Amino acid sequence: MKEHIAELISAAIDSLKQQDILPADLSPRIMVENAKDKAHGDFATNIALMLAKPAGCAPRELAQKLVDALPQSSSVTQVDIAGPGFINFFASAATITAVVADVLSQKDAFGLSKVGGHQKIQVEFVSANPTGPLHVGHGRGAAYGATVSDFLAAAGFDVYREYYVNDAGRQMDILATSVWLRYLELESLELESEGQNGIAFDFPSNGYKGGYILDIAKKAQDQFGDRLVRSAADVFSGVAADEPQGGDKEAHIDGLIAQAKALLGAETYDVMFDIALEDIRGDIENDLGEFGVAYQNWFSERSLTRGGDVETALKKLTDAGHIYEEGGAQWFRSTAFGDDKDRCVVRDNGMTTYFASDIAYMHNKFERGFDKLLYVFGADHHGYLPRLKAVCQALDYPLEKLDFRLVQFAILYRGSERVQMSTRSGSFVTLRELREEVGNDAARFFYVSRKSDQHMDFDLDLAKSQSKDNPVYYIQYAHARVCSVMRKLAEHEWDFDQEAGLAALELLDSDYEKNLMVALARYPEVLENCALHYEPHVMAQFMKELASDFHTWYNALKVLENDAQIRNARLALSEAVRQVLANGLGLLGVSAPEEM
RNA sequence: GCCUCAAUAGCUCAGAUGGAUAGAGCGUCCCCCUCCUAAGGGGAAGGCCGCAGGUUCGACUCCUGCUUGGGGCACCA
């Protein structure tokens, strides 16, 4: 309908051009918007205001000329000029009711868009280090990334969801070593129970202390038996003192890592490393799976080194003259592309940096032929943007192919009380705990109901409450209500005659019903908007509005009227509302229950 | 210090490419089930859109400065 009105306006403009009222070289962007006030009709355009200056006449005067030049249309019943020069359009009843038939015939497909044109877009999100379970901070990135991906797919993009697994680097070594030390503690207990001497030592202050480490240590026991046992004297031989003993905790843990590799041998160490990695990565995958978040690919950082990607990418940068050597290390001249400082890619000890992997990963993504790369980061990563943009340019790919979205943190509340989260000592609130407490539906909805770059307060009590205060239940209840009405039909020994209902839609002439139909018609553009701007919260907002419009109508007018025509028409509208609610909730990763 | 995101009703938040009288929910106050789920609905009150300039027919929206708050600024990952 908007397109139709835009065409009418365009025709009017052409006609005014021929009359030399408007300059012929003018090609304005015609904006048609949904009128916010009923008195302003159904659609409005500000075109006369925008063209007043080039036309050299007053806006209202130009508006009148445009209106006079508008072609006739059966779907427009009235055209007004209002305010400073707005042109308001009133749509015919048939135009407004048409959406109900559209929804009922297209069902799940209603609202889907082809605007993406099968562009290949890669979405990287979460990508938390596999050193422990996901916590509630990751949850928002997961919900947001998954939802945006689903919207993009619904808008006709070919979406490829990817989790970058940081399975290389020091943190992973700390993890593997932590597992080994827990393993030694377990073995020690067994030795003591057999009357032998245990292996006495203090767990490093910088090690991973979560309970899950112990579980992994047990798996290492299952696999290795006591073959990984070494004496405390050997393990701590030559290792710098830990912080509580007045030493340096970083040097201490690095020493332990070196000892682990030396005492176990590279091969055995790697096996234990992989046990830890796969256990935690698998747990994350399982956790996200239950949360309705699935990936096409779990991309291993180590594969970049092993597959030569890092080498290839660095060579490309070197050949292009973006790498220089200083102090025995190699640096990427990111300042040439607006970064604050140059970034090290190869340290003086010959090790490539984490950033070198990032370069290789981006290169790898582009090589795979994606039209667009979307990075979803936690807000704490925003410092990475300049250097990644620099990489993109240095690799000679257009910057427009890169998009970033930063997800701000969520602060948990229980009522008005803030829930303290501490990553220390493993006492954080995990995503899994959150899901178990409030349910997947509420968690998914709450996470994306705010603009991603907005801090959010997540009230656990509200998310759990089964009342109208809770938007998730409010929306789901609207869906369940329609289903309930359909069940009641049978009790009256009536059937829903869809064809008769569609034919009688013009009987639904109340403002309640018109509002509902106008809302339904907005759904496709809301969906498209969400996708193109990566803003799923708009749909969350829309769902609340649609549910509200429905509840208002439901309360004011009875669906199951004795009059069959009215009844079938209202059933058709109800079913259309239910379908759109189901479609929207589905995209948000929230279930649409038939009964509550 | 530099970068970045924010600041809208008592609270939590919407406000798409600048448009008409800035909107919801909660909370407060009134009202509505002999009726399809009251897990719902209707109404009232509540605003210097952080401050100050600028751009223009028009600014919550764009630009600049300032104030306040979140988060970043490592040969760490």
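To find a chain, count down the sequence lines: A is the first, B the second, and so on, and within it residues start at 1. Just so you know, these numbers come straight off a predicted model, no measurement behind them.
- Rounded to an integer number of Å, the gap from CG of A/N166 to C1' of B/C76 is 12 Å.
- Nucleotides B/C62 and B/A24 have their P atoms positioned 23 Å apart, rounded to a whole Å.
- Comparing B/A45 with B/U4, their C1' atoms are spaced 39 Å from each other, to the whole Å.
- For A/D453, counting side-chain heavy atoms from C-beta on, the closest listed nucleotide (B/G41, B/C36, B/A6) is B/A6.
- Aromatic rings from A/F151 and A/F157 are positioned such that their centres are separated by 6.0 Å or more.
- Listed nucleotides B/G15, B/A20, B/C36 differ in distance to A/N88; the shortest reach to its side chain belongs to B/A20.
- A distance of about 10 Å separates the P atoms of B/G42 and B/C26, rounded to the whole Å.
- One P atom belongs to B/C60, the other to B/G19, and the distance between them is 10 Å to the nearest Å.
- Applying the salt bridge (Lys or Arg N to Asp or Glu O under 4.0 Å) test to A/K488 and every residue at least two apart in sequence or in another chain returns A/E491.
- Among the nucleotides B/U12, B/C75, B/G42, the one closest to the side chain of A/T552 is B/G42.
- Nearest to the side chain of A/H537, among B/A14, B/G71, B/A38, sits B/A14.
- Both stacking criteria are satisfied for A/F86 over the base of B/A20: a centre-to-centre distance under 5.5 angstrom and an angle between ring planes under 30 degrees.
- Syn is the conformation of B/C33, whose glycosidic angle sits no further than 90° from 0.
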Restricting both atoms to N or O, compile the protein contacts to nucleotides 54-62 of chain B shorter than 3.5 Å, with distance only.
from: B/C57; atom 1: OP1; to: A/K53; atom 2: NZ; distance (Å): 2.5

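- The shortest distance between the side-chain N/O atoms of A/K451 and the OP1/OP2 oxygens of B/A16 is not below 4.0 Å.
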Using nucleotides 21-27 of chain B, report all nitrogen or oxygen pairs with the protein that are shorter than 3.5 Å.
none

If you restrict it to nitrogen or oxygen atoms, what contacts under 3.5 Å exist between nucleotides 29-35 of chain B and the protein, and what is each distance?
from: B/C35; atom 1: O2'; to: A/K558; atom 2: NZ; distance (Å): 3.1

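- Residues from residues 347-355 of chain A lying near RNA chain B, meaning a heavy-atom separation below 4.0 Å, are A/R347, A/D348, A/Y354 in numerical order.
- For B/G71, its base sits under 3.5 Å from the side chain of A/H382 at one donor and acceptor pair at least.
- Atom name P, nucleotides B/U56 and B/C11: the rounded distance is 37 Å, in whole Å.
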Contacts under 3.5 angstrom, residues 559-566 of chain A side chains, donor-acceptor by atom type, not counting sequence neighbours:
from: A/D563; atom 1: OD1; to: A/Q565; atom 2: N; distance (Å): 2.9
from: A/D563; atom 1: OD1; to: A/I566; atom 2: N; distance (Å): 3.0

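- Side-chain N/O atoms of A/N34 and base N/O atoms of B/A16 include no donor-acceptor pair closer than 3.5 Å.
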